[in-house]
There are 2 protein chains.
Amino acid sequence: MSNLAGSIELYIRRLLDASPNAAICLQRRELAEHFACVPSQINYVLSTRFTLERGYLVESRRGGGGYLRIRRLDLNRDKVLQLLEMRQSLAGQNLSLQKATDFVHRLVEARLVTRREGLLMKAVISFEQQKRDDVLEIFRGVMLSRMIEVLLHET
Amino acid sequence: MSNLAGSIELYIRRLLDASPNAAICLQRRELAEHFACVPSQINYVLSTRFTLERGYLVESRRGGGGYLRIRRLDLNRDKVLQLLEMRQSLAGQNLSLQKATDFVHRLVEARLVTRREGLLMKAVISFEQQKRDDVLEIFRGVMLSRMIEVLLHET
DNA sequence: CCCTCTTTGACCTTCGCTGACCATATCACT
DNA sequence: AGTGATATGGTCAGCGAAGGTCAAAGAGGG
């Protein structure tokens, strides 16, 4: 990780791994000092890396004795039910690319789908704006092609 | 190689040869500086020389700490070859549902994808004619939803 | 001369990082 | 209890540093 945000993310993940209940509590100011950066950098990391879509929960408190509490949510129980719920929450929604990708990422993290399967899914959802109108006509081929491309990435 | 693109291609290939795992990570700007050319020249080289068809894989990231990651696939491995061929065979084609499904079936039979993965793929390709124009807008959510449904049937 | 491949530069998008300014909790003193 | 000081954390706009895209100009070979 050559950039700060990456280092901080790694650091926090390490802490979470080391924690018995996948939950840690720390201070923004301290963390910022540790990495010699402005405190708001911590917020940047939290809001880009430790989102709900990725399966994290962040609580905080201001003022004297303030803190950040970061928890990694456990998806392993009642997988089917949770999948169903997720599916409900997705149905008909107009997902942003970012959210969709994070979601797949989370599925993989939770081991609900394999890495390959996650990649397949991302291949399908991460198409960019296609201006052409006839896109749908050739869509099948394009999507298949993309999915195979994903498998190639696997080697 | 008297032209720039050729030199850059050679340079990158040398780096790949020297790399133990046939993968390198570099910066577009740096490389461009090294060859005293505009950065976009690098993109030209990558998009004409290091394509999937030629057995290369290029990933990248923007912003501070951005990079280009170039990998050479091991073309001797049967699976990669098969995948490449199969992918080639449907380039630009306008597949019927039947053909597309058969195709996935072959992938599974050839053990190139697991049964689960095959199901994922079928879920994506087997949508019926959608005449609506706004389909693309909700497409992401719908597709994700369908793929999760498949996984549910699996569990 | 024409066609294809190269090269370039203008303009765009994404990501990381910072600092000014805001909100809220605790504490100390009256 | 009230109130101001102190100590946290939160938000947001903006800058700078990558890489991406595209169209037009240039170069070379038939």
Side-chain angles (χ1 to χ4, degrees), chain A residues 1-13 15 23-54 56-71 96-102 105 122 125-132 149, chain B residues 1-13 24-54 56-71:
Chain A
M1 280 301 170
S2 68
N3 50 7
L4 227 192
S7 304
I8 299 177
E9 176 189 5
L10 208 59
Y11 180 77
I12 294 178
R13 287 230 295 256
L15 289 181
I24 58 171
C25 195
L26 38 73
Q27 294 209 292
R28 187 180 78 150
R29 184 189 47 78
E30 255 185 24
L31 194 52
E33 263 165 23
H34 183 264
F35 282 96
C37 64
V38 292
S40 58
Q41 176 71 359
I42 306 303
N43 294 87
Y44 174 71
V45 173
L46 291 180
S47 64
T48 54
R49 273 50 170 198
F50 296 89
T51 64
L52 205 50
E53 281 79 12
R54 293 193 181 190
Y56 294 94
L57 209 61
V58 178
E59 300 161 292
S60 69
R61 184 176 179 145
R62 309 185 189 198
Y67 59 83
L68 297 175
R69 175 174 304 154
I70 307 169
R71 275 192 294 162
S96 76
L97 175 55
Q98 184 62 58
K99 281 191 177 177
T101 304
D102 283 350
H105 197 252
K122 283 184 195 169
I125 60 178
S126 65
F127 60 92
E128 288 303 315
Q129 309 269 34
Q130 311 274 21
K131 290 137 199 150
R132 311 287 306 283
E149 205 163 322
Chain B
M1 280 300 169
S2 65
N3 54 4
L4 228 193
S7 305
I8 299 177
E9 176 189 6
L10 208 59
Y11 180 77
I12 294 178
R13 286 227 297 256
I24 57 172
C25 195
L26 38 73
Q27 294 209 291
R28 188 182 77 151
R29 184 188 46 79
E30 257 185 22
L31 194 52
E33 263 165 24
H34 184 264
F35 282 95
C37 64
V38 291
S40 57
Q41 176 73 356
I42 306 302
N43 294 85
Y44 175 70
V45 173
L46 292 179
S47 63
T48 55
R49 274 43 173 206
F50 295 88
T51 64
L52 209 47
E53 283 73 17
R54 296 194 181 190
Y56 294 94
L57 216 63
V58 179
E59 300 161 292
S60 70
R61 185 181 181 113
R62 308 187 189 196
Y67 59 81
L68 297 175
R69 176 174 304 153
I70 307 170
R71 277 192 291 163

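To find a chain, count down the sequence lines: A is the first, B the second, and so on, and within it residues start at 1.
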Colleague: Between Ala5(B) and Ala5(A), which is nearer to the 5' end of DNA chain C once each is assigned its nearest nucleotide?
Modeller: Ala5(B)

Colleague: Please give, in whole Å, the distance from dT7(C) P to Phe35(B) CZ?
Modeller: 11 Å

Colleague: To the side chain of Asn3(A), which of dG19(D), dC17(C), dG10(D) is closest?
Modeller: dC17(C)

Colleague: Please report, rounded to the nearest Å, how far the P atom of dA25(C) is from the CD atom of Glu59(A).
Modeller: 14 Å

Colleague: Carefully, step by step, assess Asn43(A) and Arg28(A) under the rule side-chain contact (heavy atoms from CB on, under 4.5 Å).
Modeller: CA-CA 8 Å; Asn43(A) 294 87; Arg28(A) 187 180 78 150; 2.6 Å; yes

Colleague: Side-chain N or O of Arg61(A) less than 4.0 angstrom from OP1 or OP2 on dG10(D)?
Modeller: no

Colleague: Ignoring hydrogens and angles, are the base of dA23(C) and the side chain of Arg62(A) linked by a donor-acceptor pair under 3.5 Å?
Modeller: yes

Colleague: Verify the contact: side-chain N or O of Arg69(B) to OP1 or OP2 of dG19(D), cut-off strictly under 4.0 Å; return yes or no.
Modeller: no

Colleague: Does Tyr44(B) make a side-chain N or O approach to OP1 or OP2 of dT7(C) shorter than 4.0 Å?
Modeller: no

Colleague: Is Arg29(A) close enough to dG10(D) that one of its side-chain N or O atoms is under 4.0 Å from OP1 or OP2 there?
Modeller: no

Colleague: Find the distance Leu68(A):CG to dA25(C):C1' and express it as a whole number of Å.
Modeller: 14 Å

Colleague: Could you state the CD-P distance from Gln41(A) to dC15(C), rounded to the nearest angstrom?
Modeller: 15 Å

Colleague: Please work out if Gly63(B) contacts a base, only the sugar-phosphate, or nothing of the nucleic acid, heavy-atom cut-off 4.0 Å.
Modeller: base

Colleague: Have a look at Arg28(B) and say if it touches a base, only the backbone sugar-phosphate, or nothing, with a 4.0 Å heavy-atom cut-off.
Modeller: base

Colleague: With distance as the sole test, does Ser47(B) use its side chain to make a donor-acceptor pair with the main-chain N or O of Tyr44(B) at under 3.5 Å?
Modeller: yes

Colleague: Quick one: Leu46(B) CG to dT7(C) C1', roughly how many Å, whole number?
Modeller: 15 Å

Colleague: Please tell me which of Ala36(A) and Gly64(A) maps to the more 5' nucleotide of DNA chain C, matching each residue to the nucleotide holding its nearest heavy atom.
Modeller: Ala36(A)

Colleague: What heavy-atom pair brings Phe50(A) and Val58(A) nearest, and what distance separates the two atoms?
Modeller: O-CG2, 3.8 Å

Colleague: Whole angstroms only, please: what is the CG-C1' distance between Asn43(B) and dA23(D)?
Modeller: 15 Å

Colleague: Among Leu46(B), Ile42(B), Leu68(B), exactly one meets side chain to side chain contact (heavy atoms under 4.5 Å, CB included) together with Ile12(B). Which residue is that?
Modeller: Leu46(B)

Colleague: Within the modelled atom types, does a donor on one side and an acceptor on the other bring the side chain of Ser40(A) and the base of dG10(D) under 3.5 Å apart?
Modeller: no

Colleague: For Ile70(A) and dG9(D), give me the distance from atom CD1 to atom P, rounded to whole Å.
Modeller: 12 Å

Colleague: May I have the distance from Leu31(A) (atom CG) to dA7(D) (atom C1'), rounded to whole angstrom?
Modeller: 17 Å

Colleague: side-chain contact (heavy atoms from CB on, under 4.5 Å), that's the test. Do Tyr67(A) and Glu30(A) meet it? Break it down for me.
Modeller: CA-CA 10 Å; Tyr67(A) 59 83; Glu30(A) 255 185 24; over 6 Å; no

